[in-house]
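Following: one structure in structure tokens, then a few remarks.
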Amino acid sequence: MGILNKLDNRVEQFESGNIIITSADKLLNWSRLSSMWQMFFGLACCAIEMMATSASHYDLDRFGIIPRPSPRHVDIILISGTVTLKMATRIKRLWDQMPEPKYCLSMGSCANCGGPYWEHGYNVLKGVDRIIPVDVYVPGCPPRPEALLEGLIKLQERIREQSLAKKQA
Amino acid sequence: METNEVYEKLKRVFEDGIGEIKTDVPVYPFFFVSADKINAVSLFLRDEESLQFDNLSCLSGMDYDKDNLAVVYHLYSYVHHHKLVVKVVIPKSNPVVKTVSDVWAAADWHEREAYDLVGMTFEGHPDLRRILLSEDWEGHPLRKDYKVPEFYKGMKVPY
């Protein structure tokens with residue numbers, strides 16, 4: 001069974017019943033990382049690559065990653081492109097509207113550190129981590145869909161390690 | 001029609017409103033027009049039978065030299081398939097140009113961009129607001145003497 005493989009070593013299955021035993025954390029994390037709803041939001045050329053990743057060839061839907069049009073519905077935000085100072089105030093606002101637990105993936109050089117605009121970009125924020133906490137950085141200009149997928153899988157690994165039962169620092 | 005022919009034609013109509021012509025330049029030949037005549041000249045360029053510059057390809061603002069700003073107009077005629085470059089030079093102390101947004105609607109946003117980034121004012125423009133930067137941005141970043149601010153709304157700007 002696919003589910004049992006994903007829940008891996010801490011699952012016990014009984015020979016003759018429809019019963020499995022696992023920890024609440026394992027089950028919750030498995031469901032969370034399998035339905036990382038994404039903010040319907042793109043910024044620059046990275047957004048084109050993000051859309052390509054969403055489309056049928058790479059198909060983000062198979063990871064349960066679906067774009068949602070309201071920040072109240074989403075678990076992750078992909079910062080896919082150049083963050084201008086004008087947009088930065090909006091991103092902060094969107095981030096604040098997202099319910100916990102929430103995650104941020106910074107996609108491409110611009111969102112990571114300002115990219116080619118690091119020196120003369122008078123209106124460019126030099127890294128989105130100056131306004132919101134970033135969980136995963138994906139390098140590239142722009143990153144290929146494979147790179148973005150690896151970043152999202154890294155984020156899944158991070159969620160798998162977390163515990164909702166224990167209070168986080 | 002070549003630039004010098006257009007120039008001769010305009011010179012006969014507008015006299016002092018038309019400045020000198022530059023043909024020996026590495027770019028496309030151009031001539032100067034005074035800031036208060038540019039609207040009337042534009043209307044003439046658009047409506048005169050032999051000119052019919054019906055398309056404003058580009059309108060750019062620039063920091064021209066130590067004391068002056070400039071607006072550059074790139075025109076094209078889809079009727080006669082000829083093009084023209086016109087410049088208006090204005091002093092930094094009083095950077096005001098007449099708008100051409102009532103002649104070519106395309107000029108509306110172009111003039112807002114030139115105002116936003118270089119900081120000249122277009123007299124008679126229907127809605128002269130910043131178009132790219134935030135409404136509360138201070139200064140005009142494409143001026144040569146522009147200093148990038150340390151912070152914007154608490155966000156550090158330099159790398």
Side-chain angles (χ1 to χ4, degrees), chain A residues 39 41-47 71 77-98 102 104-135 137-142, chain B residues 58-72 90 92 95 106-122 125-159:
Chain A
M39 183 95 82
F41 172 79
L43 288 178
C45 26
C46 280
I77 182 170
L78 301 183
I79 308 296
S80 53
T82 316
V83 181
T84 61
L85 293 172
K86 194 174 175 181
M87 182 53 86
T89 56
R90 274 81 164 169
I91 290 177
K92 182 79 172 76
R93 191 186 178 115
L94 287 171
W95 175 256
D96 289 343
Q97 287 174 334
M98 284 166 62
K102 55 190 173 185
C104 171
L105 184 143
S106 165
M107 178 183 178
S109 301
C110 292
N112 291 344
C113 64
Y117 313 105
W118 71 276
E119 191 173 13
H120 299 296
Y122 51 84
N123 197 31
V124 174
L125 188 68
K126 314 299 185 302
V128 74
D129 51 7
R130 290 188 180 184
I131 51 165
I132 60 175
V134 174
D135 293 280
Y137 296 86
V138 178
C141 188
Chain B
C58 192
L59 186 156
S60 341
M62 59 187 288
D63 193 329
Y64 200 66
D65 55 30
K66 200 165 125 296
D67 301 314
N68 296 297
L69 301 178
V71 186
V72 187
I90 40 180
K92 281 183 182 175
D108 187 332
W109 284 16
H110 282 80
E111 287 181 349
R112 281 179 64 188
E113 186 185 352
Y115 159 72
D116 190 356
L117 301 179
V118 191
M120 66 278 290
T121 312
F122 292 89
H125 190 284
D127 182 27
L128 197 63
R129 292 178 289 132
R130 284 186 186 275
I131 190 170
L132 296 170
L133 298 168
S134 313
E135 283 162 33
D136 59 355
W137 194 268
E138 282 172 23
H140 303 280
L142 294 192
R143 292 274 189 103
K144 298 279 185 210
D145 57 356
Y146 180 74
K147 292 273 182 296
V148 176
E150 274 299 304
F151 286 92
Y152 173 74
K153 288 188 174 165
M155 294 177 283
K156 187 167 167 258
V157 181
Y159 184 72

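Throughout, protein chains are lettered first and strands after them, A, B, ... in sequence-line order, and every chain is numbered starting at 1.
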Atom of A:Thr89, atom of B:Lys153 and distance for their closest heavy-atom approach: CG2-CD, 4.0 Å
Engaged part of B:Pro158 at the chain A interface, taking heavy atoms whose separation is under 4.5 Å: backbone
Backbone of B:Met155 reached by a side-chain donor or acceptor of A:Arg130 within 3.5 Å: no
B:Tyr152 side chain near A:Asn123 side chain, heavy-atom distance below 4.5 Å: no
4.5 Å side-chain heavy-atom contact, B:Leu142 and A:Tyr122: yes
Residue A:Ile131 versus chain B: region with a heavy atom under 4.5 Å: side chain
Engaged part of B:Val157 at the chain A interface, taking heavy atoms whose separation is under 4.5 Å: both
